[in-house]
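All values below come from the heavy atoms of this structure, side chains included, with hydrogens, waters and symmetry mates left out. Chain A is the first sequence line, chain B the second, and so forth, proteins listed ahead of strands; every chain is numbered from 1.
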Amino acid sequence: MPNAHHHPDTPTTPRYITTAIDYVNAPPHLGHAYEKIATDAMARFYKRMGHPTFFLTGTDEHGIKVEKNALSKGLAPKAFVDELSQSFKQAWAHCGVAYDRFIRTTDEDHYALVAVLWNRLLAKGDIYKASYTGRYCQGCEAFLTDRDLTEDGLCITHQTAPEAVEEENYFFRLSNYKEAIIAHINANPTFIQPDFRKQEVLNMLENLEDISVSRSKQSVSWGIPVPNDETQVIYVWIDALSNYLTGIGYDGTETAQFNQFWKTPAGEPNAIHIIGKDILRFHAIYWPAMLMSAELPLPKQIFAHGFITLNEAKISKSLGNVISPFDLTAHYELANADPIRYYLLTCTQFGNDGNFTAEAFKLSVNADLANNLGNLLNRSVSMLKKYFGGAIPAVSADVLASSAILQELQAVTPLHEQVVTAYEAFNFQQVAEFVFARVDLANRTINDMEPWTLYKTEQLDLLAALMVSLLESLRLVAVWLSPMVPKLSVGIWSQLGLDAEAIANPSASFDALISGYRLVEGLMTNPQGPLLPRLDSELAGAEAKK
RNA sequence: GGCAUUGUAGCUCAGUUGGUUAGAGCAUACGGUUCAUACCCGUAGGGUCGGUGGUUCGAAUCCACCCAAUGCCA
């Protein structure tokens with residue numbers, strides 16, 4: 001499987017990771033948040049590994065639906081999308097999604113790039129005019145796309161069947177690139193992930209037709225105009241997919257940022273697109289074809305994740321079961337969204353569908369974060385305060401050397417390598433499994449060694465070694481979990497008396513955090529009570545209230 | 001209707017190229033401990049591996065068909 005021409009992946013290899021851009025016809029909900037949180041966790045992980053990393057997310061703002069929604073609210077399309085894209089930004093701030101750029105398809109540089117790209121495909125001879133038979137809705141006075149239709153093929157706003165109407169549009173010669181795409185997929189086994197999606201795409205490629213890439217201005221006016229043709233507007237995919245190039249600073253010339261993150265110094269493909277399984281076709285076929293036509297390198301990987309259901313039901317406006325991250329944090333009086341991040345990342349294997357229920361959420365958060373981890377921190381810092389006044393005591397090297405269990409509590413290897421491997425594979429469930437094994441070991445060790453007995457019998461050397469080992473295990477656990485639950489990690493470091501700013505900084509590497517911020521003798525810990533109140537306990541909300 | 005994926009204890013998932021009594025965590029029951037957020041530790045019960053048929057000395061693991069769910073396409 002290793003291709004001889006592939007360069008080794010080193011910590012200095014840049015990483016460009018993107019989410020899909022969300023269509024702004026309604027505010028963000030848990031489904032949108034799922035993808036952003038997962039991508040954020042990966043971006044944070046790459047930064048921790050030392051890779052120069054650029055994380056892009058944003059909003060898709062053109063099209064009929066937006067135009068009509070804006071009109072129905074008496075707003076200009078731009079005013080309408082300004083408001084909605086803002087709500088996405090707020091949601092991601094709330095969820096701790098630390099993107100490097102938030103792109104909007106209405107951004108000026110995006111308009112410019114799409115025109116450049118259009119002209120390049122045109123010059124290549126891949127864009128031509130032909131008649132297009134669209135589904136025209138009388139009520140909307142416009143052509144509808146799949147996403148404007150209900151499952152029964154009716155117009156969402158008017159609940160009527162659209163009629164077939166012909167108009168002259170521009171088409172893209174997708175069929176020209178069929179063989180090249182098949183060859184690329186076969187030559188790059190990890191291009192499409194998870195593995196099983198590859199066969200799906202290869203099957204899609206069997207019957208490939210050219211795609212319509214414009215609409216008449218009469219049917220859709222809210223979009224990027226076709227260069228040199230006043231009557232047509234660029235439609236959906238060329239506009240939307242190009243965001244990945246705009247987002248990394250491509251303007252038609254090889255800018256420094258583009259060369260670093262899209263091409264990489266070695267000229268290897270580099271971008272990683274995290275998308276929903278519903279838009280795999282567009283990313284695995286349309287997008288590579290467009291890039292080939294424009295003579296640009298392809299992305300390195302496309303990862304199609306599953307969907308989050310709510311009580312086993314699809315999240316949709318028509319079902320009336322839409323909940324937002326804000327709804328959840330408010331309902332459970334959470335201090336931050338980390339419990340939501342943790343649940344979404346671990347409730348299923350990334351790639352498969354997941355399900356959210358209030359019951360499962362509470363069980364998972366209480367068991368792992370509150371009981372096992374939070375309580376471990378609480379009981380540890382409490383004992384340190386009681387037995388040593390809260391200051392890190394001196395540890396006898398001899399005592400430490402004589403206890404395998406205490407050494408294991410503080411061990412970085414091999415757990416660090418296991419955690420890294422799991423993150424690399426997008427396997428957040430396994431990351432948690434590995435890390436919580438260390439938490440369990442710490443809790444078990446407390447029960448086995450009975451520090452309260454050591455204190456009463458004045459075995460202070462052993463007690464000191466035990467306490468420091470416990471706190472050290474917590475220090476490491478916080479570092480390993482920080483890509484998934486950044487705020488909780490900061491909380492742990494803060495109580496340990498460590499530099500909270502350091503672990504809060506996404507750019508700090510694993511190496512720097514693990515070896516640069518030690519629990520040195522004399523360091524004062526800072527007990528602050530429960531890290532995370534159990535959901536639905538009497539303590540729930542106490543932190544939010546103060 | 002076509003293609004693809006999924007279907008393993010109440011729940012979420014592991015199960016390497018088919019091989020001895022199918023594993024883990026959570027949940028449940030019982031016991032222990034007290035530093036701690038009624039927490040932590042230990043023990044136990046619980047599965048004919050979606051169904052049927054087949055290949056094989058032997059299948060959760062391979063093949064066929066069927067059922068259910070999900071995505072794309074028609």
Same-atom distance ([atom1]) from [N] to [M], integer angstrom:
{"N": "U70(B)", "M": "C57(B)", "atom1": "P", "result": "41 Å"}
{"N": "A27(B)", "M": "C65(B)", "atom1": "C1'", "result": "37 Å"}
{"N": "G10(B)", "M": "G45(B)", "atom1": "C1'", "result": "13 Å"}
{"N": "U61(B)", "M": "G15(B)", "atom1": "P", "result": "15 Å"}
{"N": "A68(B)", "M": "U52(B)", "atom1": "C1'", "result": "15 Å"}
{"N": "C63(B)", "M": "U17(B)", "atom1": "P", "result": "13 Å"}
{"N": "C40(B)", "M": "A4(B)", "atom1": "C1'", "result": "46 Å"}
{"N": "G50(B)", "M": "A60(B)", "atom1": "P", "result": "10 Å"}

Counting heavy atoms from C-beta on, name the nucleotide in [options] closest to the side chain of [X].
{"X": "N447(A)", "options": "U34(B), C40(B), C73(B)", "answer": "C40(B)"}
{"X": "M204(A)", "options": "C72(B), C41(B), A4(B)", "answer": "C72(B)"}
{"X": "N443(A)", "options": "U37(B), C41(B), C35(B)", "answer": "C41(B)"}
{"X": "R379(A)", "options": "C40(B), G71(B), A4(B)", "answer": "C40(B)"}
{"X": "D440(A)", "options": "C41(B), U70(B), A4(B)", "answer": "C41(B)"}
{"X": "N378(A)", "options": "U37(B), A4(B), G71(B)", "answer": "U37(B)"}

Note to self: Tell me the closest heavy-atom pair linking L441(A) and I405(A), and the distance in Å.
What the structure shows: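 Minimum heavy-atom separation between L441(A) and I405(A): CD1-CD1, 3.9 Å.
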Next item on the list: Please name the pair of heavy atoms, one in A432(A) and one in Y342(A), separated by the smallest distance, quoted to 0.1 Å.
Entry: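 Between these two residues, the closest heavy atoms are CB-OH, 3.8 Å.
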Checklist line | Electrostatic pair R44(A)-D40(A), nearest N-O below 4.0 angstrom | finding: yes
Check: Please, what dot-bracket string fits RNA chain B when only Watson-Crick and G-U pairs with both distances under 3.5 Å count, crossing ones use [ ] and pairs to another strand use |?
Finding: (((((((..((((.....[...)))).(((((.......))))).....(((((..]....)))))))))))).
Item checked: NZ (K385(A)) with more than 12 external heavy atoms under 6.0 Å -> no
Is the [X] to [Y] ring centre distance short of 6.0 Å?
{"X": "Y244(A)", "Y": "H283(A)", "value": "yes"}
{"X": "Y170(A)", "Y": "Y128(A)", "value": "no"}
{"X": "F191(A)", "Y": "H184(A)", "value": "yes"}

Note to self: Could you check whether any side-chain heavy atom of Y387(A) comes within less than 4.5 Å of a side-chain heavy atom of L463(A), counting everything from C-beta outward?
What the structure shows: yes
Can you measure [X] atom [atom1] to [N] atom [atom2] for me and round it to whole angstrom units?
{"X": "N371(A)", "N": "U34(B)", "atom1": "CG", "atom2": "P", "result": "20 Å"}
{"X": "R281(A)", "N": "A4(B)", "atom1": "CZ", "atom2": "P", "result": "15 Å"}
{"X": "R197(A)", "N": "C73(B)", "atom1": "CZ", "atom2": "P", "result": "13 Å"}
{"X": "M449(A)", "N": "C41(B)", "atom1": "CE", "atom2": "P", "result": "16 Å"}
{"X": "R534(A)", "N": "A27(B)", "atom1": "CZ", "atom2": "C1'", "result": "13 Å"}
{"X": "L205(A)", "N": "C73(B)", "atom1": "CG", "atom2": "C1'", "result": "13 Å"}
{"X": "R444(A)", "N": "G25(B)", "atom1": "CZ", "atom2": "C1'", "result": "13 Å"}
{"X": "N203(A)", "N": "C72(B)", "atom1": "CG", "atom2": "P", "result": "16 Å"}

Taking N or O atoms only and anything under 3.5 Å, show me the protein contacts with nucleotides 66-69 of chain B, one pair per line.
none

Mind checking [X] for me? I need base, sugar-phosphate or nothing, with any heavy atom below 4.0 Å counting as a touch.
{"X": "F307(A)", "answer": "sugar-phosphate"}
{"X": "F436(A)", "answer": "nothing"}
{"X": "N372(A)", "answer": "sugar-phosphate"}

Next item on the list: Find which nucleotide of RNA chain B each of F282(A) and E200(A) is nearest to by heavy atoms, and output the residue with the more 5' nucleotide.
Entry: E200(A)
Check: Between K456(A) and D278(A), who's closer to the 5' end of RNA chain B by nearest nucleotide?
Finding: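 On the 5' side of the pair lies K456(A).
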Next item on the list: For S469(A) and Q410(A), test the side chains for any donor-to-acceptor distance below 3.5 angstrom and give the result as yes or no.
Entry: yes
Checklist line | Flag for T19(A)-T57(A): side-chain donor and acceptor within less than 3.5 Å | finding: yes
Notebook entry, point to check: Parallel, tilted or perpendicular for F45(A) and Y423(A), by the 30°/60° rule?
Noted result: parallel
Next item on the list: Decide, applying a 5.5 Å centre-distance limit and a 30° plane-angle limit (both strict), whether F196(A) stacks on U5(B).
Entry: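 Stacking between F196(A) and U5(B): absent.
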Check: Under 4.0 Å: is that the gap between some side-chain N or O of K198(A) and OP1 or OP2 of A4(B)?
Finding: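 Answer is no, no contact under 4.0 Å.
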Between N or O atoms, less than 3.5 Å apart, protein on one side and nucleotides 10-16 of chain B on the other: list the pairs.
residue	atom	partner	partner atom	Å
U12(B)	O3'	C347(A)	O	3.1
U12(B)	O2'	C347(A)	O	3.1
U12(B)	O2'	Q429(A)	NE2	3.2
C13(B)	OP1	T348(A)	OG1	2.6
A14(B)	OP1	Q349(A)	OE1	2.3

Notebook entry, point to check: With sequence neighbours left out, what residues match D22(A) under salt bridge (Lys or Arg N to Asp or Glu O under 4.0 Å)?
Noted result: K36(A)
Margin query: The criterion is salt bridge (Lys or Arg N to Asp or Glu O under 4.0 Å); which residues satisfy it with K277(A), sequence neighbours excluded?
Written below: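 Scan of K277(A) (salt bridge (Lys or Arg N to Asp or Glu O under 4.0 Å), adjacent residues dropped) gives D353(A).
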Notebook entry, point to check: F172(A): what forms a ring pair (Phe, Tyr, Trp, His ring centres under 6.0 Å) with it, not counting sequence neighbours?
Noted result: none
